[in-house]
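Notes follow once the structure below has been shown.
Everything numeric in this text was worked out from a predicted model, so none of it was measured.
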Amino acid sequence: MSLNLGNILASLDIMWKGMLGIFVTILVIMICVFIMGKIGGKKDDE
């Protein structure tokens, strides 16, 4: 079994792009939830 350095580097390139995409997606969802929470607000009647 021989490891091809070109294949490893190509897979790492794909992997960091995927991880960046996941991070950005989570960040966008968190921002949307935060904004919706601020718009909705909390009404305490007590």
Side-chain angles (χ1 to χ4, degrees):
M1 178 176 139
S2 65
L3 296 175
N4 187 348
L5 186 60
N7 288 343
I8 293 173
L9 292 177
S11 67
L12 287 175
D13 186 49
I14 293 169
M15 185 177 72
W16 80 261
K17 289 176 185 175
M19 294 181 87
L20 179 66
I22 291 169
F23 177 75
V24 169
T25 302
I26 291 173
L27 191 63
V28 167
I29 291 171
M30 288 175 63
I31 290 171
C32 289
V33 169
F34 177 75
I35 291 172
M36 286 190 290
K38 288 292 184 183
I39 290 173
K42 292 184 178 178
K43 296 179 181 176
D44 291 328
D45 294 334
E46 299 179 38

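- With sequence neighbours left out, the side chain to side chain contact (heavy atoms under 4.5 Å, CB included) criterion links Met15 to Leu12, Met19.
- For residues 17-37, the set of pairs meeting the side-chain hydrogen bond (donor to acceptor under 3.5 Å, both in side chains) definition, not counting sequence neighbours, comprises Asp13-Lys17.
- Expressed to the nearest 0.5 Å, how far CD1 of Ile26 lies from CD1 of Ile22 amounts to 7.0 Å.
- Considering only residues two or more places apart in sequence or on other chains, Lys38 meets the salt bridge (charged side-chain N to carboxylate O under 4.0 Å, His left out) condition with none of them.
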